[in-house]
Amino acid sequence: MIQVENLCRRYGPHTALDGISFEAAPGEVVGLLGPNGAGKTTTMRILTGYMPPTSGRAVVAGFDVQTQSMQARAAVGYLPERVPLYPDMTVAGYVTFWAQMRGIRKARTAAQQALEQVDLWDRRRSLVRSLSKGMRQRLGLAQALVHAPSVVILDEPTIGIDPQQVIDVRQAVRGLGVKHTVLFSTHILTEAEQVCDRVIILNQGRIVAHGTPSELRATLYAGDRLYVQVSKLNPEAALKALKSATGVARVEPSDGGYLVYGQPNIAPGRTSQVRSRRPAG
Ligand SMILES: Nc1ncnc2c1ncn2[C@@H]1O[C@H](COP(=O)(O)OP(=O)(O)OP(=O)(O)O)[C@@H](O)[C@H]1O
Ligand SMILES: [Mg+2]
């Protein structure tokens, strides 16, 4: 599992992560959804031990990423934004190499299992350079899975690949949720909905909403608009009463009555506390 408590990260004067907290349970696929610069990669780099937080705490598979960094790293598989691939290696050779780097004794067997898991075993003898982009992403995934980590962290694995291959990669990620805790980043809402059990929306280093895809879909809609006529109050008092009602964003006089705009459920800095947990397994 993953536990993140009040994580902050500054780059010089710039605050990239501003106190985020969340959890991912075993067997859950959690999506980190957010626009460019939201802090997705920063979060993932902290969780994978590539970079320390400025403050706060992160625990993966029970190990603190700072004080137990070796154990934490061993428990995590990471597919970074840009996968370092070696074009002149074969597919099997590449994954076996990573298995050896991870200290696995039966490196070839581990490589075979990982390649089967991402449906690339048929291409084991191909040179990495001959793979399509989507296949390369799946090869990156095999590299992340080769040591059978309990936590898998994938940074925008579908970026820059064609629609059919996007489907394949999404399916592969979805399937990982059976055995692993998965944290997966994307900037595409529909992708997060399709792949994840739970979605965390990040914007400018803060969590602005989290919940199951259907909960988020319901809350993501902008507030409703209502036309109201008031008979027994003078216009000023009516306007004041409507404006002070709970959930009202603004009120506009219109056509002898008032247009009352409900508050959108998500605005930067507001947190929509929709939480739910799928049972592990
Ligand atoms: N090494 C760095 N030095 C300085 N600023 C950085 C560094 N890495 C990231 N940042 C800044 O931190 C913020 C968060 O960046 P991050 O890469 O985590 O966002 P992201 O959500 O992954 O974005 P993208 O969708 O573009 O990948 C951005 O404002 C970015 O410019
Ligand atoms: Mg990023």
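Each residue takes its place number in the sequence, starting with 1.
At distances below 3.5 Å, not a single donor-acceptor pair connects side-chain atoms of Arg225 with backbone N or O atoms of Tyr261. With hydrogens and angles ignored, the 3.5 Å screen pairs a side-chain donor or acceptor of His147 with a backbone N or O of Val76. At least one donor-acceptor pair closer than 3.5 Å links the side chain of Glu215 to the backbone N or O of Thr212. In this structure, Tyr227 contributes its side chain and Gly257 its backbone to a donor-acceptor pair below 3.5 Å. Between the side chain of Lys40 and the main chain of Phe184, no donor-acceptor pair closer than 3.5 Å is present. In this structure, Asn6 contributes its side chain and Gly56 its backbone to no donor-acceptor pair below 3.5 Å. One N or O on the side chain of Arg9 and one on the backbone of Pro52 form a donor-acceptor pair closer than 3.5 Å. Side chain of Arg138 to main chain of Asp119: a donor-acceptor pair is present (N/O by atom type, distance under 3.5 Å, no hydrogens or angles). Without hydrogens or angle criteria, Arg198 side chain to Glu23 main chain gives a donor-acceptor distance under 3.5 Å. Using modelled atom types, no side-chain atom of Arg123 and backbone atom of Val128 make a donor-acceptor pair closer than 3.5 Å.
Ile2 and Phe63 are members of different hydrophobic clusters when ILVMFWY side chains are connected at heavy-atom separations under 4.5 Å. Cluster membership for Tyr78 and Leu47, using ILVMFWY side-chain heavy atoms within less than 4.5 angstrom, is shared. Note on Trp121 and Met135: same hydrophobic cluster, where clusters join Ile, Leu, Val, Met, Phe, Trp and Tyr whose side-chain heavy atoms are under 4.5 Å apart, directly or indirectly.
No hydrogens or angles considered: nothing links the side chains of Gln117 and Gln113 as a donor-acceptor pair under 3.5 Å.
Within a 6.0 Å radius of CG in Asp18, more than 12 heavy atoms belonging to other residues, nucleotides or ligands are found.
In plain terms, the two heavy atoms of Leu139 and Leu120 that are nearest each other are N-CD1, 3.5 Å.
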Q: May I have the step-by-step check of salt bridge (charged side-chain N to carboxylate O under 4.0 Å, His left out) for Asp64 and Arg57, ending in yes or no?
A: CA-CA 7 Å; Asp64 186 298; Arg57 186 162 178 257; 3.0 Å; yes

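To the nearest 0.5 Å, atoms CD1 (Ile167) and CD (Glu191) are separated by 11.0 Å.
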